[in-house]
Amino acid sequence: DTEVTQTPKHLVMGMTNKKSLKCEQHMGHRAMYWYKQKAKKPPELMFVYSYEKLSINESVPSRFSPECPNSSLLNLHLHALQPEDSALYLCASSHTGGRTPLHFGNGTRLTVT
Amino acid sequence: TQLLEQSPQFLSIQEGENLTVYCNSSSVFSSLQWYRQEPGEGPVLLVTVVTDGEVKKLKRLTFQFGDARKDSSLHITAAQPGDTGLYLCADYNNAGNMLTFGGGTRLMVKP
């Protein structure tokens with residue numbers, strides 16, 4: 001079992017819906033990440049939080065809104081998505097400082113109809 | 001921006017065969033990580049290589065880091081169906097705060 005827990009595992013939403021993806025880790029990691037992965041492609045970085053502050057936004061559209069309420073939790077709020085936003089959304093965490101490995105959750109499979 | 005190219009993109013082999021996959025960078029690696037992603041799961045770290053010419057072994061997997069720090073290879077001996085998955089190489093940017101993945105090699109090992 002992964003030490004990074006993502007919920008829900010699957011989500012189907014319409015283009016006018018508002019939904020949230022949740023991620024939780026209890027490894028004491030202070031860096032957390034959102035990646036997007038389309039079918040047969042590698043993960044692409046969306047956001048990085050370091051010590052609960054947003055440090056990197058890879059030019060992600062504003063219909064994706066990240067939130068880090070505390071060092072263990074990471075949310076991704078979704079609003080007015082498009083069908084092309086359908087993908088696997090992966091959360092990851094790591095120790096900060098140095099080029100440390102990422103620990104990934106198993107993702108949320110999102111379908112936008 | 002560093003570009004990581006992996007080859008081959010797809011590989012289908014029979015159980016028991018050997019294989020090698022490659023990762024090449026447009027610039028010098030800082031420290032290269034190899035991950036494996038099985039269907040329906042997130043990527044899992046296999047190894048980190050940091051030293052020029054370094055060789056690391058993980059059971060039937062052998063990882064090599066090039067002397068010029070711009071290439072790496074993963075060799076699997078006697079592949080098994082459980083080795084099936086997407087193999088990803090990844091490297092951090094110069095600031096050490098962004099991990100970027102190569103395009104991946106999708107491996108299928110048939111019984």
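This is a predicted model, so every value here is computed, not measured. Within every chain, numbering begins at 1; the chains are lettered A, B, ... in the order of the sequence lines, protein sequences first and strands thereafter.
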Exercise. Contact part of B/L86 toward chain A, heavy-atom cut-off under 4.5 Å: side chain, backbone, both or neither?
Worked result: side chain

Exercise. What residues of residues 24-45 of chain A sit under 4.5 Å from chain B when you count only heavy atoms?
Worked result: A/Y33, A/Y35, A/Q37, A/K40, A/K41, A/P42, A/P43, A/L45

Exercise. Side chain, backbone, both or neither: which part of B/Y35 has a non-hydrogen atom closer than 4.5 Å to chain A?
Worked result: side chain

Problem set entry | Side chain / backbone / both / neither for B/E38 at chain A, heavy atoms under 4.5 Å | neither

Exercise. Out of B/V44, B/V50, B/T48, B/N97, which one racks up the most heavy-atom pairs below 4.5 Å with chain A?
Worked result: B/N97

For this session: Please flag which part of B/D91 lies under 4.5 Å from any non-hydrogen atom of chain A: side chain, backbone, both or neither.
Result: neither

Problem set entry | disulfide (SG to SG under 2.5 Å) partners of residues 17-111 of chain B, not counting sequence neighbours, each pair once | B/C23-B/C89

Problem set entry | Hphob cluster co-occupancy, B/V47 + B/F29, side-chain heavy atoms under 4.5 angstrom | yes

Problem set entry | Close approach to chain B in residues 53-72 of chain A, criterion heavy atom under 4.5 Å | A/I56, A/E58

For this session: Could you tell me which portion of B/E41 (side chain, backbone, both or neither) has an atom closer than 4.5 angstrom to a non-hydrogen atom of chain A?
Result: both

Exercise. Going by atom types alone, do A/R99 and B/S30 pair a side-chain donor with an acceptor below 3.5 Å?
Worked result: yes

Exercise. Hey, which of B/L45, B/L99, B/L88 has the most heavy atom pairs under 4.5 Å with chain A?
Worked result: B/L99

Problem set entry | Top of A/L102, A/V48, A/L88 for chain B proximity - count of heavy-atom pairs under 4.5 angstrom | A/L102

For this session: State plainly whether one hydrophobic cluster holds both A/V112 and A/L90, where clusters connect Ile, Leu, Val, Met, Phe, Trp and Tyr through side-chain heavy atoms under 4.5 angstrom apart.
Result: no

Exercise. Which of residues 73-84 of chain A have a heavy atom under 4.5 Å from any heavy atom of chain B?
Worked result: none

Problem set entry | Selection from B/G102, B/P43, B/G42, B/S31 maximising heavy-atom pairs under 4.5 Å formed with chain A | B/P43

Exercise. Honestly curious: do B/L4 and B/V28 fall in one hydrophobic cluster under the side-chain, below-4.5 Å linking rule?
Worked result: no

